[in-house]
Amino acid sequence: METRRHHRRKEDYSLRTHLIHGNFESRKWDYDHHVVPPISQSTAFRLSSLERGARGFEEFASAEEQSNGHHPIYIYDRLNEPTRGMLEENLAYAEGGDVAVAYATGMAAVSAALGSALQQGQEVLAHEIVYGCTFSQMTNWLPRFGIKARFANFFKTESLPRQITPHTRVLYFETPINPTMQLIDIAAVRAVADKVNEHRKPDDRLLVMVDNTFATPQCQRPLRLGADMVVESLTKAIGGFGTDMGGLVATSSDWYHQLMLYRKDFGGVLNGRSAWSMLVYGLSTLATRMTNMQKTAQRVGEFLCKHPKVEFVSYPGLDCFPQKALAHRQMLSPEGKFAPGSMLYFVLKGEPGKPSNAEKLVNYLAEHAYSITLAVSLGQIKTLIEHPYSMTHSALPDEQKRAFGMHPEGIRLSVGLEDWHDIIRDLELALEKV
Ligand SMILES: Cc1ncc(COP(=O)(O)O)c(C=O)c1O
């Protein structure tokens, strides 16, 4: 590879520019003469000698593999692969981590982060509301491995220390929370963990894990705010177009070995074709898409706020957002501008005992609207609507949902790139019908 002498360091360019051009050079692959990074599709790699094969196995997932100066020795896709490697370099850069490891889905990433950090007899303490499958993974599957999940109120960080036992190894939460859009103060949770860690050995440290799916690194970088690990579904706004599934763990290099081994042995690898789509189409357009979707989300939020059939709207960009000060501190673009994201949650007025107005509205939109689609998933260029209480969060117990802001009249809206007038008009017409 010819080493070019750039007249500015890559840190001097904005993240937006960086994610379009990628790394100046990649140790993963020499693509110096490609304008667009190439795609590699090979499950196995030719080894020029047995010795090279043995060295490849020896170096796999090791610190030396990261720093030995030569290209990684590729052996088999499930171990390591160049296109995914190039995506990982850029994801690590975007999240501000030493490393990023990409998985087949967001849930595979959650599993890898928890599975790498936790051992039999330890426990994860999570916020009361987490994505339904994360809740199910914690309550149905981790106990089979002797790992317990408990839930606590992370809004009250002052009461968290009372919930932490000597077995608690991980503090886990989403912010913004799916679907309520409430925020958890990452730095405040970090401070709680630091206090506990004063009395713990290094290998036993309490870890802070944040699911950054709703914000994406364009709107929030939890590692910079004190998280030890970030997990994220790449299926959403990073993939951006709704064509590929993926997941990510970004963290310090101390965790690289475990995360890679977990992926090798449990097998949830991100395939090269999806990695390429995310690298070439997803990451490169993330800043532009999020900035535009965010502008529309603000307008839609303001429209819904004024509507007489709407009880309340939860969107960090609104003046009435109860955690406005925290939003302005925590949700920032890489250039430091307020970045409340593209997700909204709103609750319709309803009457107890009567059929839910939210269900009526969502069904009406599903049948009559062109710019709004009833579908799960989020963060893509199409505006998507869903009813979390009966769909994405149905795994959570009713009392838990109601106590922490989820409501049968609640609706989640993932704002896309359509003309904002169309989205508001479709909502307006549908609201007339409930
Ligand atoms: C907050 C959050 N985390 C994790 C996931 C899981 O991601 P995936 O569907 O890519 O497995 C989702 C999916 O909706 C999510 O909303």
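Computation of the quantities below employed the complete heavy-atom set of this structure, encompassing side-chain atoms and omitting hydrogens, waters and symmetry-equivalent molecules. Just so you know, ligand 1 is whichever comes first in the structure, and atom 1 is the first atom listed for that ligand. We number each residue from 1, following the sequence as shown.
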Item to check | Y389 and R402: side chain donor to acceptor below 3.5 Å | outcome: yes

Checklist entry - Any chance the side chains of E418 and S371 put a donor and an acceptor closer than 3.5 Å? => result no

For ligand 1, run through the N/O pairs with the protein that fall under 3.5 Å and put one pair on each line.
unit_1, atom_1, unit_2, atom_2, d
ligand 1, 3 (N), D211, OD2, 2.6
ligand 1, 7 (O), S233, OG, 3.1
ligand 1, 10 (O), G106, N, 2.8
ligand 1, 10 (O), S233, OG, 2.7
ligand 1, 10 (O), T235, OG1, 2.6
ligand 1, 11 (O), G106, N, 3.0
ligand 1, 11 (O), M107, N, 2.9
ligand 1, 14 (O), K236, NZ, 2.6
ligand 1, 16 (O), N178, ND2, 2.9

Next on the checklist: Distance check, rounded to the nearest 0.5 Å: M229 atom CE versus E95 atom CD?
Outcome noted: 13.5 Å

Item to check | Test side chain to side chain donor-acceptor pair (under 3.5 Å) applied to T168 and E123, Q163, K148, the passing residue | outcome: E123

Next on the checklist: Here's a test for you: under ring pair (Phe, Tyr, Trp, His ring centres under 6.0 Å), which of F135, F155, F151, F173 qualifies with H127?
Outcome noted: F155

Checklist entry - With side chains defined as the heavy atoms from C-beta onward, is the minimum distance between Y13 and H21 less than 4.5 Å? => result no

